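In this text the structure is predicted, and so the values were computed from the model without any measurement. The sequence lines fix the lettering, A, B, ..., with proteins before strands; numbering per chain opens at 1.
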There are 2 protein chains.
Amino acid sequence: MPSRRPRDPLSAGAVTMAEVAREAGVSRATVSRVLSGSAEVAPERRDRILAAIDALGYIPSAGAQQLAGGRSRSIGLLIRDSRNPTYGLLHSEVQRRADEAGLEVITAMPTSYRGAPHEMDALRRLLALRVGGLLVATGVVRTADLTQFAPVLPVVSVGRPEDDPAVYGVSYDETGNGHAIARALHDHGHRRVAVVCPPTEHSLAESLRGRTVTAVLRELGCEVVEVPTTQFGTAADGTDRVIDLARDGVVTAAMFSSDLRMLDFVSRARGVGVEVPRDLAVIGCDGVMHGLEYMGLASLRVPVEEVARRSVEVIAQMMADRESVGIRHETYTGQLLPGASLGP
Amino acid sequence: MPSRRPRDPLSAGAVTMAEVAREAGVSRATVSRVLSGSAEVAPERRDRILAAIDALGYIPSAGAQQLAGGRSRSIGLLIRDSRNPTYGLLHSEVQRRADEAGLEVITAMPTSYRGAPHEMDALRRLLALRVGGLLVATGVVRTADLTQFAPVLPVVSVGRPEDDPAVYGVSYDETGNGHAIARALHDHGHRRVAVVCPPTEHSLAESLRGRTVTAVLRELGCEVVEVPTTQFGTAADGTDRVIDLARDGVVTAAMFSSDLRMLDFVSRARGVGVEVPRDLAVIGCDGVMHGLEYMGLASLRVPVEEVARRSVEVIAQMMADRESVGIRHETYTGQLLPGASLGP
DNA sequence: CTGAAAGCGCTAACAT
DNA sequence: ATGTTAGCGCTTTCAG
């Protein structure tokens, strides 16, 4: 017979239900009942138990609860790096809505851009915690990698283009948004435009935006120069290219697939004497960053709050009754934020 | 004898180690050994087990592991609402450093400002998960409420003023930062300054910053008008007050305890014809928000990256060997970001 | 209304 | 090197 394993030094001090039960002079089952409210307990014992819990500072082990009980009230949120204010806001809003719905959120955040495998690791951690639902709000991991989990637990793709019939999607209307941006450029008289956006692998959403704007502008009879971009601050980010295009008069405006890119551009352009909108008109996308209006930078505000609200609503309903929810792909349209940067 | 409880519908489909063992034709212990690498396993069986894991899509239950094994490789991060870019960056940096150190991060985020009790709830969730260490990066929960956990697990107070002898602190040098801000104002010739900051209950750090700046300015012989602030966008946020002070020529400059407040002010001031720095010089604090330089707004960049790096380093060391780390309160000084908003 | 006891999925001795 | 087994802390029947 194995000897009693000594308490692990790290988890030592964690009060158990048994200790609470002893302190209150009842059985563990009764303590459990009080905590879960799953059955009536004599008021007098109830109070004694509650007092013991308080005195001992007892906090039930989520692991043991999950193991014994099964179902989980928590949703896993896989979200990108909150260095980007749009993700910061989304995170915050999801959290708020989940709180309101009485759901716990467990967040996993893959670091910056380290690729899809890294995101899958983060996802696995969430699944290891046996969350009851999954909100995926990163731009990189492919939906194909998610479908395998869809039969096991509710999955909602948040704020990213989604078309897989097995995964519910709540996202931005990139098409509508692209139209709005293209029209704004056209309305301001621009006929030759640079469109700066990253490749698909880097960000599904941004890439789709860029392609939509390009397509619509061309439909409207504009010339479009597509400028691929990768990392910020490197020679490959397209900034120099756009500056050249502006100087040479090849384009009169540039569209950036995110406000961060736009801001990065205007700062560096100013550094070399290229002023917005004097030498080049610009418009970005996201509309979340603070100070856009103050800077006079035009953008398109994506409906983060609405997407967050609806995502939590959907996952909550799925968790309550899986069958009651048919898979859909909802999109929400943003609103143009005009600005002096579009030109006269 | 209780009947076998049917599999819970929600956790159904979660493959167990027993199934993997059966599939591979070995015992559960062997599977466990392969996963943890705690002992040598014959290569041939190893491969069979790995194949089974892959085929079945097995993901170990973190709850069961924690329950059986005891110690945890995960740290709990209690962090404020990432709507504020400074917290967003901090979150992101902590995550990155933890990744590097091979630690998992479990994040709990109390919604916006809902007070200390709400933060304690979030904290309790982290403790329920039996995290091996705690990083507290919120501005509201009092340290007194943390000390009770300090004996049980390593706790580090991050980016918030700390003076409790039982809790390790890694934070910003609010005193040094306050001095730098005050000197910058003084150097630019300002002798009458408004200092806008919230009360202690709202944010320990901001309030301390404001008080330091006030004190130093007075030492330097300046007149200071303290303007208390509460929520953004309400009449009580101090904006109107500062506008009046500027119009009446009572002050020539204003210091804001955070860049968000500063930006909010300059936007609204411009709306009523008060321009920065023409009518009033301003300086903020945090220096993280994008576009500050472009807007010409002066600030003080707090060393978020350094604080994040060091916090993770400390908690990692504490988790490895509790005794090896003596409680200290470290502070890191920021760097002044000059800007046209300080005036000529 | 309450207690006893059987597991949940896993790890870590212990015995081969 | 591998199997056997005793719990980890909790929930949930099943009997009182």
Close residues, residues 26-37 of chain B, relative to DNA chain C [heavy-atom separation under 4.0 Å]: B/Arg28, B/Ala29, B/Ser32, B/Arg33
Nearest-Å distance for atom pair CG/P, residues A/Leu129 and C/dC10: 13 Å
Please check if any side-chain donor atom of A/Asp164 sits under 3.5 Å from a side-chain acceptor atom of A/Thr147, or the reverse. no
From CG of A/Leu67 across to P of C/dC8 the rounded distance in Å is 9 Å
In whole Å, I'd like the distance from the CZ atom of B/Arg130 to the C1' atom of D/dG9. 9 Å
Can you tell me if A/Arg45 touches the phosphate of C/dC1, counting only side-chain N or O atoms and a distance under 4.0 Å to OP1 or OP2? no
Roughly, in whole Å, what's the span from CZ in B/Arg22 to P in D/dT2? 20 Å
When rounded to the nearest 0.5 angstrom, what distance separates OG in B/Ser61 from CG in B/Leu67? 8.5 Å
Between P on D/dT12 and CD on A/Glu40, what's the gap in Å once rounded to a whole number? 16 Å
Whole angstrom is fine here: how far is it from CD in A/Glu19 over to P in D/dC8? 12 Å
Cationic N near anionic O, under 4.0 Å, A/Arg310 to A/Glu313: yes
A/Ile49 has an atom CD1; how far is it from atom C1' of C/dG3, in whole Å? 12 Å
Less than 3.5 Å apart, any donor N or O on the side chain of B/Thr138 or B/Glu119 sitting next to an acceptor on the other? yes
Strictly by modelled atom types, are A/Tyr168 and A/Glu330 linked by a side-chain donor-acceptor pair under 3.5 Å? yes
Check this for me: does any side-chain nitrogen of one of B/Glu93 and A/Arg83 sit under 4.0 Å from a carboxylate oxygen of the other? yes
A/Arg73 CZ to D/dT11 C1', straight-line distance once rounded to whole Å: 17 Å
From the set C/dT11, D/dA1, D/dG9, return the single nucleotide nearest to any side-chain atom of B/Met17. C/dT11
Salt bridge or not for B/Arg97 and B/Glu100, using N-O below 4.0 Å? yes
To the side chain of B/Ala42, which of D/dA1, D/dC10, C/dC10 is closest? D/dA1
Counting only side-chain heavy atoms from C-beta out, which of D/dG9, C/dC10, D/dA1 sits nearest to B/Tyr58? C/dC10
Can you check whether B/Gln65 has a side-chain N or O nearer than 4.0 Å to OP1 or OP2 of C/dC10? no
